[in-house]
2 protein chains.
Amino acid sequence: MVAIGESVISQLRRGVLEFCVLALVRDEERYGFEIVRALSEASGLVTTEGTLYPLLGRLRKEGVVETTWRESPSGPPRRYYRLTAAGAAKLAAFAAEWVRFRDSVDALLETGVPR
Amino acid sequence: MVAIGESVISQLRRGVLEFCVLALVRDEERYGFEIVRALSEASGLVTTEGTLYPLLGRLRKEGVVETTWRESPSGPPRRYYRLTAAGAAKLAAFAAEWVRFRDSVDALLETGVPR
DNA sequence: GCCAGCTACCTTGCAGCGCATGGTAGCGAT
DNA sequence: ATCGCTACCATGCGCTGCAAGGTAGCTGGC
């Protein structure tokens, strides 16, 4: 068994992280710090604030999420994110692409032959 | 239905392409141009020579593939790639990581909750 | 009062990889 | 001899994840 670097896995996160965030705020509002923690619970999706906040900013500018500041019961105020209709559409479109991509990779890794 | 750009999908290929190539040359020798065509058959993995040749060069330097020049029956000579033992180990290690990563993403996209 | 530690937000600069583009050369057919 | 296909390769850009560093609110202990 050979260990591959964490850097290899970090390349995997490219392009996927964005949609994991959209999925996280699809059904309920969440704030940034909470999203970092939630992603850390999913193995292979661990990330840091240095990654997430710039990403959240891009999503906001793009109009796929909208935000509300709310007081915290204890601590500094939080910016809560929720999905917009445009975000829901983009997420749905990605989910379809993801399935195709995932199946292609699975087939290749298992058989060594494209499908 | 909203179309998402090809650029979104191209980000998905990050870090995965390398291992798809390793998988392709695991069981039989293949040459560069052939690999480009083979990947194009797998939806979601379409790539170009501008991507593949630099990648093959990195894999060669890394020692996970080795190559042999062979005459073509018609056309310029071809450089054939095959997996080394180190490459096989790296591929196997990745396959395990991939399963974890894939399942995490699947869970998130489906439920909006990390697992 | 004040300081340490947690929470929570954000910015900046770097690095890696996929891609577009362009270049070279062998071979066969018209 | 020119065109088109095959087959190789290099260069520069852009995007995104990450490390590192910065600001500030709140709480609890002394």
Side-chain angles (χ1 to χ4, degrees), chain A residues 4-22 29-40 42 44-62 65 67-81 94 101 105, chain B residues 4-22 29-40 42 44-62 65 67-81 94 101 105:
Chain A
I4 57 181
E6 169 61 23
S7 62
V8 170
I9 308 301
S10 92
Q11 290 301 319
L12 271 187
R13 290 189 264 274
R14 285 240 170 189
V16 176
L17 215 46
E18 170 181 354
F19 296 97
C20 289
V21 170
L22 294 185
E29 274 193 343
R30 290 180 194 267
Y31 60 96
F33 212 72
E34 182 187 8
I35 295 176
V36 173
R37 279 193 306 246
L39 288 172
S40 295
L45 292 175
V46 187
T47 191
T48 69
E49 300 170 65
T51 297
L52 194 68
Y53 286 117
L55 170 57
L56 288 172
R58 289 195 299 271
L59 295 176
R60 218 164 53 219
K61 269 192 204 113
E62 206 186 326
V65 295
T67 70
T68 316
W69 283 96
R70 293 194 205 286
E71 297 288 322
S72 162
S74 78
R78 302 163 171 171
R79 195 207 281 263
Y80 280 84
Y81 294 79
F94 173 80
F101 173 79
V105 175
Chain B
I4 57 181
E6 170 60 25
S7 62
V8 169
I9 308 301
S10 91
Q11 291 301 320
L12 269 187
R13 291 190 265 273
R14 286 238 169 191
V16 175
L17 215 45
E18 170 182 353
F19 296 97
C20 290
V21 170
L22 294 185
E29 274 192 343
R30 289 179 195 266
Y31 60 96
F33 213 72
E34 182 187 8
I35 295 176
V36 173
R37 279 193 305 245
L39 287 173
S40 295
L45 291 175
V46 187
T47 190
T48 69
E49 300 170 65
T51 297
L52 193 68
Y53 286 116
L55 170 57
L56 287 171
R58 289 195 299 272
L59 296 176
R60 219 164 53 220
K61 270 194 203 112
E62 205 186 327
V65 295
T67 69
T68 316
W69 283 96
R70 294 194 205 286
E71 297 289 322
S72 162
S74 78
R78 301 162 171 172
R79 196 206 277 264
Y80 280 84
Y81 294 78
F94 173 80
F101 173 79
V105 175

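Throughout, protein chains are lettered first and strands after them, A, B, ... in sequence-line order, and every chain is numbered starting at 1.
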Measure [atom1]/[X] against [atom2]/[N] and give the value in whole Å, please.
X       : N      : atom1 : atom2 : value
B:Leu52 : D:dA10 : CG    : C1'   : 14 Å
A:Lys61 : D:dC15 : NZ    : C1'   : 14 Å
A:Tyr53 : D:dG21 : OH    : P     : 19 Å
A:Leu59 : C:dC10 : CG    : P     : 12 Å
A:Arg79 : C:dC10 : CZ    : C1'   : 10 Å
A:Tyr81 : C:dA8  : OH    : P     : 13 Å
B:Ile9  : C:dC19 : CD1   : P     : 11 Å

Starting at the 5' end of DNA chain D, which residue's closest nucleotide do you reach first, A:Pro73 or A:Glu18?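 Whichever sits nearer the 5' end wins; that is A:Glu18.
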DNA chain D: 5'-proximal contact among A:Pro54 and A:Pro77 (nearest heavy atom):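 It is A:Pro54, whose closest nucleotide lies nearer the 5' terminus.
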Taking 4.0 Å as the cut-off, does a side-chain nitrogen or oxygen of [X] come that near to OP1 or OP2 on [N]?
X       : N      : result
B:Tyr31 : D:dA7  : yes
B:Thr51 : C:dA20 : no
A:Arg58 : D:dC15 : no
B:Arg14 : D:dC15 : no

For a quick check of understanding: with a heavy-atom distance under 4.0 Å over all strands, which category does [X] fall into, base, sugar-phosphate or nothing?
X       : result
A:Gly57 : nothing
B:Glu49 : base
A:Ser10 : sugar-phosphate
A:Ser7  : nothing
B:Phe19 : nothing
A:Arg37 : sugar-phosphate
B:Gly50 : base

So does A:Tyr31 get a backbone contact from the side chain of A:Glu34, meaning a donor-acceptor N/O pair under 3.5 Å?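 Checked: pair present.
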Would you say the side-chain atoms of A:Thr51 pair up with the backbone N or O of A:Thr47, donor to acceptor, closer than 3.5 Å?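 Answer holds: no.
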Once rounded to the nearest 0.5 Å, what's the spacing between atom CG of B:Leu59 and atom OG1 of B:Thr67?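 Output value for this atom pair is 11.5 Å.
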Got a second to check how far B:Thr48's OG1 is from B:Leu52's CG, nearest 0.5 Å?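 Separation between the atoms: 8.5 Å.
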Side chain of [X]: nearest nucleotide among [options]?
X       : options                : answer
B:Ser74 : C:dA8, D:dC18, C:dG28  : C:dG28
A:Pro76 : D:dA7, D:dA19, C:dT7   : C:dT7
A:Arg13 : C:dG18, C:dC10, D:dC18 : D:dC18
B:Gln11 : D:dC26, C:dC17, D:dT16 : D:dT16
B:Phe33 : D:dT6, C:dT12, C:dG18  : D:dT6

Pair of N/O donor and acceptor under 3.5 Å linking D:dC8 base with B:Arg78 side chain: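 Result: no qualifying N/O pair found.
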Minimum heavy-atom distance A:Ile9-A:Gly44, with the two atoms named: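 That closest heavy-atom pairing would be CG2-O, 4.2 Å.
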Pick the closest DNA chain C nucleotide for A:Gly75 and for A:Leu56 by heavy atoms, then say which residue is nearer the 5' end.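 Comparing both residues, the 5'-ward one is A:Gly75.
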Before accepting this row, confirm whether a basic side-chain N of the pair B:Glu71/B:Arg78 lies closer than 4.0 Å to the acidic partner's carboxylate O.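 Salt bridge flag = no for B:Arg78 with B:Glu71.
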Check each of A:Glu18, A:Gln11, A:Arg13, A:Arg14 against B:Gln11 using the side chain to side chain contact (heavy atoms under 4.5 Å, CB included) test, and report the only one that passes.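 For B:Gln11, the side chain to side chain contact (heavy atoms under 4.5 Å, CB included) test succeeds with only one of A:Glu18, A:Gln11, A:Arg13, A:Arg14, which is A:Arg14.
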